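Take a look at the structure set out below.
Everything numeric in this text was worked out from a predicted model, so none of it was measured. Proteins come first, then strands; the chains are lettered A, B, ... in the order of their sequence lines, and each starts at number 1.
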Amino acid sequence: MSEETVVTPLPYSDVLPGAVLAEETDLDGTSLVVAADKLPELARHLRDVEGLDLLSNLTAVDYFGYKGRTAEDRFEVVYHLFSTEKGGGPTVLRVRLPENNPVLPTLVDVYRGADLQEREAYDLFGIRFLGHPALRRILLWEGFHGHPMRKDWQEPYYEAESKPFKSRHPDGNYAWAEDRNPWGSNVQYPDGFDPLTWQEPVSQIPLQSHAGNGASGMLKTDRLIVNMGPQHPSTHGVFRMIVELEGETIMALEPEMGYLHRNHEKIGERNTYLMNMPYTDRLDYISSMSNNLAYAIAVEKLLGEEYAPTERAEYIRVIMAELTRIVNHLFSVGTFLNDLGAFFTPLLYAVRERELILDMFEAVSGSRMMCNYLRFGGVARDLPDGWLEQCKDLVFKRLPGKIEELTTYLTGNEILQERCIGVGYLSPQDAINLSCTGPQLRGSGVAYDIRRAEPYSIYDRFEFDIAAFNGCDVYSRFLVRMEEMRQSVRILEQALKQIPEGPIQSPKGQGSYVVRPPVGTVYGRIESPKGELGFYLVSDGSGNPFRYRVRPPSYINLNALGPMSIGNKVADCVIILGGIDIVLGEVDR
Amino acid sequence: MAENTSTTGVAPEELSDNILITTVDSVYNLARSFSLWPMTFGLACCAIEFIVAGTARYDMSRFGMEVARPSPRQADLLIISGTVTKKMVVPIVRLYNQMAEPRYVISMGACATGGGPFKEGYNVVSGIDKFLPVDVYVPGCPPTPEALIHGFITLHKKFKTQSVRTVPWYRKSYTGETPIPALGPDIIDTNPDALKRVRDVNMTRLMASRAAAAPQISLGDADTIVLRNPGLTADLTGWTLQSSASEQTYHFPAGFVLMSDGEVRVHTGPGATSSSAGDIVWTTEAALGGDGEKISLVNAEGAAVSVIEYEATTA
Ligand code: SF4
């Protein structure tokens, strides 16, 4: 028998023999298991020859205690590659690494966007990327004890083997875990740690340093290092930039984050699938409905056909997602003008309509910001009476005028143009190579929108244009946001006209509080207002995700912050950051 | 009489309608409560509602609170608007220390108050009140702007209960400095008492784990036995090493002490010499017989503490 089986050669075995070790089929397509040492070569081939130019998601999984895994392949680093040209689904690469020495070559030389994500994998999993230019901790601080996303890293409060909540209810009584903790506060020290002799490690943020010789090279000048944040009115939360200046010109800029790292992914593994839904609200807390949508889509992929949302639910989801996009862009434009120095007045204008939309959200979900509205297979509640009329009123009458008003005041404004045009230049090639998505990418003229490139939900039914401007600067990003609001209104108009009556939940999804999806992995992604928001889930068949990874758009867009800022004036790095439109809940998770 | 009244401090007639008599405290509190300057400082999701509370629909300037200052030195009110992480609590305490008295803290939302949905996470502080004194807690996740404004009003009410005579910040001995925590293997409370407590607990735990551990023997290279002590420093007076095959016994000399984490090598066999000071020579006969045997470390009570067995070698 075996002589007759035709052995199909592994992919790319002709160009790079031995690079691909196996081809595996999973819940959402095939993936390639790659030999660690051949990875950069293969990636270069995929980028240059196959056109997979966007390294969207890079993450690690710790398969400790997973069925069928041993110490030899305990860790896995997963890469999701896309093509901005052709669109479509991902090419998934997996590199398996042993427990005792999880080392693999970096991809920073091929995809510069791997930088921050590799640092994150190092920080949380202890996986080392050889050749990475600055493999430092990113979300936690230097000197932190252990790598918290490893499965055998015990959280201070959840030392029981089984999660969730067993340890919280000894004998059925509620007990604060921290009262039982010997330190009396939420801490974990290594054995033998002595606080009295301990010295704070001096962590150095490396900035590329040149000898200061003035712009003309004639004058001896000094470099100045300026720290902005984590408490700074223009960093949009607790974000820190370390800027090296020559006069007022930025010579180097290093972002520093993690000040809002609230263990989202670790908590996600402790929770059941549905319990994560309200947590996703708190990722990008300006646009919670979008986050719900991305997560619901990922879990539904995992759960299979039975949980496919109903017609009406799909429409409700699109309506909510597009309203969210408008909310987000209004807020982002408002705060962006704050950063430009037009303190608060434009924000007051921008936020007015946001309030009206938040009222609509409150009517359906009960909360203005943290909606927690979507469920697997549908939405939580149907629209209340009169909601659609009110929404139509808003979308047909009020929002278009509002957007035009903002356009009149802002787009042609001379000061705004003066400050933004040509600032924060990011070429299309760089934007892709740095893994940028969303308005950041489209502001560099790359018309890549997941709603078109890999349509999800029912976006293929609507007519709209991809907003892309090729100024490659902050102004273009601003224009993209303004234009996207118009396109969102267009989608909303169609959706509000077409929305059918019917059930809002698939029969299977009705009241299913604990779902146990089949074993497997999926990657679900949407075009959130900030860029590609993806969820990578690994299921081991139990009620909670084995690995719950968020691909946060604004975190990954920050890859470009340093490169964009160099050469600009120090006041400009504020608006360059404003142009990326970060939300710290999502950056740090 | 009429002449006298005008010179003994009673106001001239034309002003008498414009004079109010009140206490210093009321004036002090009234003035303070309607020009409370919050710091422009947002931590997480709750900060968005804080920003929105300043916009036209909610308009917190009705309460004299709209002058948000980015510098802690100019602000009177610190609104902890979001999740406090271990990494962030260090700067927060520093900011608080930089604020001038009288200063107030509002803990806005579930996270700032007790960790909220992220309570007990490895990088989350279960409530800012573990580090700073909080004046008003505003519940919610996030609290609506109305709830935040209610928090402001509650704070104004608190002002009314304060008196210039009793407030702490006019006392001579008052510094108002709060110890700034530090980041180590985890967060470290640099308060001397806390440090001592951590150390004591740590030491107790270390001791407990050490006390449970006993000296162990293992095979070293050719004809050597390595005796290691992972536990507390032990006095091995009366202890013995016994080999089963050759029935030899080594008695540790009286007062032989093996330090905690210490190690000593025991040489046997024909060529046994103490190659370095401190090593023990057991026997010049073949204690480690070539045909496989058992060597035990026996304590003063005669119980075997550690045993090694090895197979016959066919060398
Ligand atoms: S209380 Fe809720 S809304 Fe506020 S910071 Fe915490 S999670 Fe966010």
Side-chain angles (χ1 to χ4, degrees), chain A residues 139-141 143-146 148 155-158 176-178 182-196 198 200-201 230-233 236-238 258-264 266-267 278-279 281-282 285-286 331 335 344 347-348 351-352 354-355 368-370 584-585 588, chain B residues 39-49 51-52 54-57 68 70 72 82-83 85-88 91-92 94-95 111 115-126 130 141-142 144-145 182-190 194-199 201-206 209:
Chain A
L139 296 176
L140 294 158
W141 56 90
F144 184 83
H145 176 53
E155 285 176 278
Y157 290 136
Y158 288 88
W176 292 125
E178 61 193 48
W183 320 122
S185 46
N186 186 357
V187 291
Q188 190 175 62
Y189 299 120
D191 267 352
F193 164 73
D194 185 354
L196 296 185
W198 170 85
E200 208 165 340
Q231 195 271 322
H232 191 278
H236 295 233
V238 280
Y259 294 97
L260 192 54
H261 177 54
R262 23 187 199 188
N263 334 324
H264 190 95
K266 190 81 175 177
I267 292 176
Y279 281 87
D281 287 336
R282 288 155 181 81
Y285 36 74
I286 313 264
F331 206 82
T335 47
F344 241 73
L347 185 67
L348 287 183
V351 169
R352 215 168 48 188
R354 174 179 183 263
E355 283 296 322
R368 285 157 47 84
M369 274 173 66
M370 304 303 173
L584 265 297
D588 294 343
Chain B
M39 187 154 90
T40 320
F41 176 56
L43 280 175
C45 354
C46 283
I48 305 294
E49 291 294 53
I51 296 173
V52 169
T55 60
R57 190 183 203 185
T83 318
T85 62
K86 289 177 185 171
K87 198 168 175 179
M88 193 58 205
I92 291 180
R94 227 175 250 148
L95 287 169
C111 282
F118 302 95
K119 185 175 172 62
E120 299 170 356
Y122 58 82
N123 192 28
V124 173
V125 172
S126 309
K130 299 225 163 15
C141 181
T144 55
L183 296 176
D186 203 314
I187 197 155
I188 300 171
D189 191 348
T190 50
L195 274 183
K196 208 175 152 307
R197 197 184 59 216
V198 171
R199 189 205 179 108
V201 177
N202 219 344
M203 287 317 276
T204 327
R205 203 170 73 159
L206 194 68
S209 71

| message | Less than 4.5 Å to any heavy atom of chain A: does that hold for the side chain of Ile92(B), its backbone, both, or neither? | response | neither
| query | Do you know which of Ile267(A), Asn263(A), Leu140(A) has the most heavy-atom pairs with chain B at a distance under 4.5 angstrom? | reply | Asn263(A)
| Winner by heavy-atom pair count (cut-off under 4.5 Å) against chain B, out of Asp588(A), Thr335(A), Leu347(A), Leu348(A) | Leu348(A)
| Gap between atom CD of Glu49(B) and atom OH of Tyr285(A) - 0.5 Å precision | 12.0 Å
| query | By a 4.5 Å heavy-atom criterion (distance strictly below it), what part of Ala44(B) contacts chain A: side chain, backbone, both, or neither? | reply | both
| Of Arg262(A), His261(A), Lys266(A), which meets side-chain hydrogen bond (donor to acceptor under 3.5 Å, both in side chains) against Tyr122(B)? | His261(A)
| request: Could you check which of Gly146(A), Gly585(A), Gly258(A) has the highest count of heavy-atom pairs closer than 4.5 Å to chain B? | output: Gly258(A)
| request: Quick one: do Lys87(B) and Val238(A) satisfy side chain to side chain contact (heavy atoms under 4.5 Å, CB included)? Show the steps, please. | output: CA-CA 10 Å; Lys87(B) 198 168 175 179; Val238(A) 280; over 6 Å; no
| message | Nearest 0.5 Å, please: how far is CD1 in Ile48(B) from CZ in Phe331(A)? | response | 4.0 Å
| said: Which atoms of Pro91(B) are under 4.5 Å from chain A, going by heavy atoms: the side chain, the backbone, both sets, or neither? | reply: side chain
| query | Mind checking whether Pro145(B) and Arg368(A) have side chains closer than 4.5 Å, heavy atoms only? | reply | yes
| Tyr279(A) vs Phe118(B) aromatic rings, parallel, tilted or perpendicular, using cut-offs 30° and 60°? | perpendicular
| query | Is there side-chain contact between Arg354(A) and Thr55(B), with heavy atoms separated by less than 4.5 Å? | reply | no
| request: Kindly compute the distance separating CD (Gln231(A)) from CG (Leu95(B)), expressed to the nearest 0.5 Å. | output: 5.0 Å
| Distance, nearest 0.5 Å, that separates CE of Met370(A) from SG of Cys45(B) | 3.5 Å
| said: Just so I know, are the side chains of Thr83(B) and Arg282(A) near enough to count as touching, which here means a heavy-atom distance under 4.5 Å? | reply: no
| Is there side-chain contact between Arg57(B) and Val351(A), with heavy atoms separated by less than 4.5 Å? | no
